[in-house]
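Below is one structure, written out as structure tokens, with a few remarks after it.
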Number of protein chains: 2
Amino acid sequence: MPKIVNHEERREHLAEAVWRIIRREGLEGVSVRSVAEEAGMSLGSLRHYFDSQSALLAFSMRLVAERIKKRIQSLPQDGDPREHIETLIGQIVPLDEERLAESQIWMAFSTFALTEPDLRPLSREIHDSLRDVFRKIFETLDQSQLLKPGLDSELEAKRFHALVDGLVVHGVIASEVISAEEIAGIIERHLDSLLEP
Amino acid sequence: MPKIVNHEERREHLAEAVWRIIRREGLEGVSVRSVAEEAGMSLGSLRHYFDSQSALLAFSMRLVAERIKKRIQSLPQDGDPREHIETLIGQIVPLDEERLAESQIWMAFSTFALTEPDLRPLSREIHDSLRDVFRKIFETLDQSQLLKPGLDSELEAKRFHALVDGLVVHGVIASEVISAEEIAGIIERHLDSLLEP
DNA sequence: TGCTTAGCAATACAAGTGTATCAAAAAAAA
DNA sequence: TTTTTTTTGATACACTTGTATTGCTAAGCA
């Protein structure tokens, strides 16, 4: 047998190189050569792990989504429901550098996927799974009677989802103008308007 | 003197070709050659009107922003304030094909501008001018005492702005999943929660 | 009628693109 | 040590990219 190499680890290493290039130069800067160089390996090595550029991109996109997903799923469910929601949203919205990085990558991929048939299904899948997270939040709130009376939980889930993604976009394209505190404040205010005191 | 040609008209013609390519293939598909072909002219002609590709892109980006801006500014100010706000938001959010096209182009440009120093200031300018629109809306509402008591109009302007841009993004990346009626419904609901009955 | 010049078309060029191929290197198994 | 097979690196190929250059065309003024 040849050199022992953790295949999956190498693939993630390459995906992370893709992320760095996206943040620095945008998705236009992601070529197989630039990724190989960024990851410190040769073109041939890269092609050994990914048959094509689009396979590399799809893997990179899926990986960032899975990291966020896992972080959300590993959150403790107990305790105050409102606090749980706030920490959950805190995993999505660009409140710190890591979250900002993920937001930038998500936005780049989402835009790219609009005209890339190979990536569209994956983009939709990510969007839908986040939508389900919001749905579940409001279902639970509704059942626990924590929502203010008369609210349509399905509609509120969509409204909250749009607000959060809007904050993500604003955090990315106007990070110098909107602060983490403001983002957190807007979410606070929104929850105030939805939940029973 | 040579052939009489409306310079500005030609430039807009080229910008519109850029838009069509963005919608069809994304910004990656926008090369000087593809734009020239889409506009039905030669490479040399295009370069006669734009010294460089980035000048072409900047012009195209600015033009779409100005079209939206003009549409908003030409709205009649009289009548019911709430109705005015709804028609104003209706100029931004992808409720029909034309608005969807503009949203796609806006998203592509905004993402591209993140890593393009030439375009970043323009992107920020567009963002800021929309932020000012929202600010003004809530200032006016506040002065007319149409807002529910106890609301921070500055914060509410930011929240509304984020919600609207979130709806734009959702309308673009999940147009098959979210309908125009749903988008309109979410805005209705949001205004209900803000305005005095 | 000739002249000037904006507008246009064609070609060239260096650089970068994704992909394919193929041989060398390295390490476990014989 | 020899064999085997994954991993790696180099090179090549066809193509596209942005830009530059060059000369032709056509229209209005003198």
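Keep in mind that what you see is a predicted model, and the values were worked out from it rather than measured. All values below were derived from every heavy atom in this structure, side-chain atoms included, with hydrogens, water molecules and symmetry-related copies excluded.
Within a 6.0 Å radius of CD in E37(A), no more than 12 heavy atoms belonging to other residues, nucleotides or ligands are found. Atom CG of D192(B) has more than 12 heavy atoms from other residues, nucleotides or ligands within 6.0 Å.
The side chain of S31(B) places an N or O atom within less than 4.0 Å of a non-bridging phosphate oxygen (OP1 or OP2) of dT17(D). Proximity of S45(B) to the phosphate of dG7(C): no side-chain N or O atom is located under 4.0 Å from OP1 or OP2. Distances shorter than 4.0 Å separate some side-chain N or O of Y49(B) from OP1 or OP2 on dC8(C). Neither OP1 nor OP2 of dA10(C) sits under 4.0 Å from any side-chain N or O of R47(B).
Atom-to-atom, CZ of F50(B) to P of dG7(C) comes out at 13 Å; the value is rounded to the nearest Å. Between L56(B) atom CG and dG18(D) atom C1' the separation is 12 Å, expressed in whole Å. With rounding to whole Å, R33(B) atom CZ is found 13 Å from dT11(C) atom P. Taking atom NE2 of residue H13(B) and atom P of nucleotide dG7(C), one finds them 15 Å apart after rounding to whole Å. Between the P atom of dT17(C) and the CD atom of E37(A) lies a distance of 10 Å, rounded to the nearest Å. Per the geometry, CD belonging to E8(A) stands 13 Å off P belonging to dT7(D), to the nearest Å. Rounded to whole Å, the distance from NE2 on H48(A) to P on dT6(D) is 8 Å. Between the CG atom of L46(B) and the P atom of dT17(D) there is a distance of 13 Å, rounded to whole Å.
Take the nearest nucleotide of DNA chain D for S42(A) and for S52(B): the residue whose nucleotide is more 5' is S42(A). Comparing G44(A) and S34(A) against DNA chain C, the residue whose closest nucleotide sits nearer the 5' end is S34(A). In terms of position along DNA chain C, the nucleotide closest to E28(A) lies nearer the 5' end than the nucleotide closest to the other residue of the pair E28(A) and D51(A).
Here V35(A) lies out of heavy-atom contact (under 4.0 Å) with every strand.
The distance from atom OG of S153(A) to atom CZ of F134(A), rounded to the nearest 0.5 Å, is 14.0 Å.
A donor-acceptor contact shorter than 3.5 Å is absent between the side chain of R23(A) and the backbone of I105(A).
Side-chain contact annotation: H161(B) with D165(B), donor-acceptor N/O pair under 3.5 Å present.
For Q53(B), counting side-chain heavy atoms from C-beta on, the closest listed nucleotide (dA9(C), dT19(D), dT19(C)) is dT19(D).
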